[in-house]
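Note that the structure is predicted; figures quoted are calculated from it, not measured.
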Amino acid sequence: MNKKLLFSCIVLSLTACSKNHDLSYDGNQENTFEASVDFNHTWEMSVQNSLTIKSLPTDFETKVVMVLDANPFSTNSATVLAYEEGKVTSIKYEAPSYFTKLYVACVNDDKMRIRSFDVKKGEVDFSASTVAKTPSKANRRASEQLTFQKTFNANHFADQGWNDEFAMLSEPTETVSFTDFSEYYKMFKGFLPEGNNNNRKLEAYDAIWKCNAVVVSEENGEVSFVPVHKESSVSQCIGYYYVLPGQDFNIKTCKKYVFPSISKIDDSKDECTQKLYRLKYFDEQGNESYQFPKGTRIGFFAHVIQSSISKTEALDWYVEGAQNMALSNYMADKGYTGPLDGYKEFSHVVMFERNNDMLVGMEDWIKDFDYNDINIMLRGDIEKLPASGVEIPNHTHIYSYAFEDTQSGDYDLNDVVLQVKRVWGGPNQEVKLVALGAKDRIKAYYKNEQGEVISLFGGKELHEAVGVAQNTFVNTETLNVEDSKLPRQNIHFNYSTFLYSKADFYIVNETKNQEVHVPSALGLKGQNPNGVCIPFAWQWPKERVRIFTAYPSFKGFAENIEVNTDWYTMPVDGKVFK
């Protein structure tokens with residue numbers, strides 16, 4: 001086909017400004033760009049970088065390395081940005097330019113290790129801890145005069161054999177520094193099943209549901225914890241008890257040890273210093289130390305002063321649901337009922353391993369069971385807790401190519417919207433037509449790196465490819481074509497050299513004999529973006545809604561390539577097609 005190549009922009013007026021030039025056409029507001037475009041603008045919204053992996057995990061053999069936009073231990077929607085098989089030590093990836101922090105995963109069958117990394121630094125080490133400073137073992141005796149007192153349970157349920165006591169320990173003075181602190185609570189939240197924040201059905205994690213203690217793995221082993229999140233508004237403390245090897249255990253009579261109430265925690269920071277709580281052991285002579293006999297089982301519980309029940313006495317909530325029966329019955333008698341039948345059997349503590357870290361979540365009440373009232377990370381000489389499990393990410397990355405159907409359009413950028421999805425593990429990617437807001441005869445093409453032009457959707461005119469009349473708008477006003485009926489095809493690409501930001505997907509308006517490209521695909525700068533490549537499954541503007549209205553931050557990005565680089569993530573509600 002003999003097509004006349006036209007640039008995606010015709011400049012009719014040029015200012016004397018050294019930074020920008022104005023783009024306008026015939027004075028019609030609909031055909032005016034409404035912004036002074038940065039002369040250096042390439043309209044590339046994703047960049048290619050390289051990550052160096054200084055050391056792979058040592059506890060399993062890495063089979064696949066992936067770069068992701070989110071932590072898959074925190075969310076089930078993490079997108080794979082790059083994928084390489086084998087024990088690679090470097091990997092190239094393409095990502096939205098505004099990202100400053102990404103994640104790398106090393107995978108082997110059902111095992112996965114995650115590390116976050118700074119995009120600018122571009123390196124990660126799986127042998128290094130995200131804990132910047134770890135205190136040495138405390139080979140010293142603890143010295144603290146303890147005063148034991150009865151628990152709420154003991155005072156109110158003596159007829160059921162409750163006779164336990166607890167001692168309040170002193171506030172810790174040691175601290176530990178982190179370089180990636182915010183990840184720990186994210187990992188805990190990601191462990192919880194899908195659904196509402198309340199009444200998590202943790203029965204699906206049978207091993208975790210039944211885990212009620214950690215086990216000391218070494219002789220004279222130490223155990224400590226760091227609080228990583230606090231949601232509770234009540235006075236909540238963390239308590240623990242321990243059972244020596246071969247010792248009979250009775251939750252109603254054993255002694256318990258409680259640390260002072262945990263203060264509010266800022267879990268949004270990566271680099272920070274947090275208090276380190278060392279657990280104490282008391283031998284038969286009453287000597288105190290931080291070292292436990294090998295095989296000692298240690299359980300944790302929530303020690304809560306709930307003023308609506310008692311203003312002075314603490315309620316103790318334990319791991320095993322049966323241990324909470326007496327208190328649950330008491331609260332039910334007082335009118336405090338839970339939202340689910342059988343809540344009385346619910347555990348108030350869950351313990352599990354995730355990404356090689358051991359986490360504990362505690363519930364302070366009987367209403368929601370979201371287990372985020374207080375969360376801690378365990379450290380020290382302890383055996384592995386049950387793994388929470390995680391789905392290995394297989395989510396593909398989708399880029400959107402949005403076009404005006406002429407070189408002087410109305411700038412709703414929905415005349416043609418293509419989504420291109422990379423299929424990992426193979427040489428193909430899927431191209432799908434998702435929106436068609438044009439009435440002219442339009443065809444779509446892809447020119448590969450070898451200069452070969454590939455007709456998309458069998459070379460059909462796009463309305464014909466969808467199976468609608470020529471004057472029909474597709475998915476720009478209402479959802480009039482279901483996803484299963486949208487035309488799509490697979491195309492081959494060279495993964496090692498392909499870049500979405502420079503890929504030449506383009507359209508030809510046969511009615512007006514005009515060709516529209518993404519400026520970056522032609523190596524143009526400072527041009528009117530009648531075609532853009534957006535590194536997401538984008539929500540395009542509705543019919544007759546200009547890009548400046550649907551995405552107000554777009555104007556600032558047009559005028560300065562370094563401003564509002566994430567403009568496409570901030571649509572105006574009701575102005576975009578969903």
Across all chains, not counting sequence neighbours, the salt bridge (Lys or Arg N to Asp or Glu O under 4.0 Å) partners of K121 are none

E449 meets the salt bridge (Lys or Arg N to Asp or Glu O under 4.0 Å) criterion, sequence neighbours left out, with none

Applying side chain to side chain contact (heavy atoms under 4.5 Å, CB included), name anything that partners [X], two or more places apart in sequence or on another chain.
| X | value |
| --- | --- |
| T89 | none |
| K578 | Q539, D573, V576 |
| D504 | K447, Y506, H517, A521, L522 |
| I398 | Q419, K421, A537 |

request  = Answer with yes or no after comparing the ring centroid distance for Y551 and F557 against a 6.0 Å cut-off, counting only values under it.
outcome  = no

Query raised in the report: Any Lys/Arg nitrogen of D483 or R488 sitting under 4.0 Å from an Asp/Glu carboxylate oxygen of the other?
Result: yes

Taken in chain and number order and not counting sequence neighbours, the residues that satisfy ring pair (Phe, Tyr, Trp, His ring centres under 6.0 Å) with F505 are Y401, Y446

Sequence neighbours excluded, the answer for ring pair (Phe, Tyr, Trp, His ring centres under 6.0 Å) partners of F60 is none

Sorted by chain and number, sequence neighbours left out, side chain to side chain donor-acceptor pair (under 3.5 Å) with T179 holds for none

Among pairs that include at least one residue of [range], which meet salt bridge (Lys or Arg N to Asp or Glu O under 4.0 Å), considering only residues two or more places apart or in two chains?
| range | result |
| --- | --- |
| residues 453-475 | R441-E464 |
| residues 97-113 | D59-R113, K63-D109, K101-D180, K101-E183, K101-D270 |
| residues 43-54 | E44-K502, K54-E123 |

